[in-house]
Amino acid sequence: MKIHIMPLAVVLAVSGCAKRPDAIVPADIPMAAYTNLSCEQLGQEMFKEQTALASVSKQQHDAATGDAFGVFLLGVPMSSTFGGDKEGQVAVAKGKVQAIQSAMMSKGCSSSPVPVKPGTAAKKAAT
């Protein structure tokens with residue numbers, strides 16, 4: 001009886017592990033959310049979302065690595081168990097980046113993101 005339960009326990013523990021960021025499918029974010037922005041604003045938004053995606057992807061990668069070690073050492077996916085899994089946030093960030101890219105393409109904008117410089121918005125508002 002114990003021989004049959006052990007493989008089942010291993011399969012259940014592994015199936016609860018955090019996914020690697022590159023294995024996460026983007027959420028469906030409508031391009032219409034960004035079509036009212038100018039090319040410059042889209043570039044700034046792209047930079048912001050790519051930065052957010054990189055940050056949450058790193059957290060997800062760390063969670064997946066932690067789960068792998070947890071399952072190997074303890075038989076429990078530690079990161080997923082204790083809230084380290086950021087799969088939903090990665091999916092939303094990827095979806096936003098794709099929606100912004102689509103909006104940029106539909107407007108014929110340059111695809112390179114424009115970083116936001118501190119004080120730029122204040123200077124433009126004053127002029």
Side-chain angles (χ1 to χ4, degrees):
M1 180 75 170
K2 288 183 182 180
I3 295 173
H4 293 128
I5 294 175
M6 190 59 156
L8 178 62
V10 170
V11 167
L12 289 175
V14 171
S15 67
C17 291
K19 290 181 183 177
R20 296 282 175 195
D22 56 341
I24 297 173
V25 178
D28 188 22
I29 307 292
M31 176 183 74
Y34 299 100
T35 54
N36 62 334
L37 300 177
S38 69
C39 287
E40 182 180 351
Q41 290 170 324
L42 285 169
Q44 291 172 352
E45 201 62 29
M46 176 65 86
F47 180 77
K48 183 179 87 170
E49 290 303 330
Q50 285 179 332
T51 303
L53 176 58
S55 174
V56 76
S57 290
K58 182 185 179 328
Q59 292 172 16
Q60 182 68 15
H61 182 271
D62 293 346
T65 301
D67 279 356
F69 282 122
V71 169
F72 179 72
L73 297 175
L74 305 172
V76 178
M78 299 302 290
S79 295
S80 293
T81 304
F82 295 109
D85 191 355
K86 307 286 185 199
E87 182 176 348
Q89 293 174 347
V90 171
V92 168
K94 282 183 171 184
K96 286 181 178 181
V97 168
Q98 283 186 346
I100 294 168
Q101 285 173 338
S102 296
M104 289 177 85
M105 284 178 26
S106 73
K107 289 187 168 218
C109 301
S110 158
S111 62
S112 60
V114 178
V116 179
K117 296 176 184 172
T120 303
K123 287 178 187 175
K124 284 186 179 180
T127 57

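Both backbone and side-chain heavy atoms feed into the values below; hydrogens, waters and symmetry mates do not.
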key: NZ/Lys107: more than 12 non-hydrogen atoms of other groups inside 6.0 Å   = yes
query = Nearest heavy-atom pair of Pro30 and Ala99: which atoms, and what distance?
reply = O-CB, 4.0 Å
ask   = If you take all heavy atoms of Val90 and Leu53, which pair is closest and at what distance?
value = O-CD1, 4.0 Å
request  = Decide yes or no for His61 and Ser57: does some side-chain heavy atom of the first lie under 4.5 Å from some side-chain heavy atom of the second?
outcome  = no
request  = Please confirm whether the backbone N or O of Gln98 pairs with a side-chain atom of Ser102, one donor and one acceptor, at under 3.5 Å?
outcome  = yes
Nearest-0.5 Å distance that lies between atom CG in Leu42 and atom CD in Glu49 = 11.5 Å
message = A quick test of your reading: do over 12 heavy atoms of other residues, nucleotides or ligands sit less than 6.0 Å from CG of Asp28?
response = no
ask   = Can you tell me if Ser55 uses its side chain to pair, donor with acceptor, with the backbone of Ala52 under 3.5 Å?
value = no
query = Quick one: NZ on Lys86 to CD1 on Ile24, what's the gap to the nearest 0.5 Å?
reply = 12.0 Å
query = Looking at side-chain heavy atoms only, is the closest gap between Gln41 and Tyr34 below 4.5 Å?
reply = no
request  = State whether the number of non-hydrogen atoms from other residues, nucleotides or ligands found under 6.0 Å of Lys94 atom NZ is greater than 12.
outcome  = yes
inquiry  = Measuring from atom CD of Gln89 to atom CD of Gln60, what distance do you get when rounded to the nearest 0.5 angstrom?
reply    = 9.0 Å
query = Just one of Met46, Met31, Met105, Lys48 clears the side-chain contact (heavy atoms from CB on, under 4.5 Å) bar with Ile100, so which one?
reply = Met46
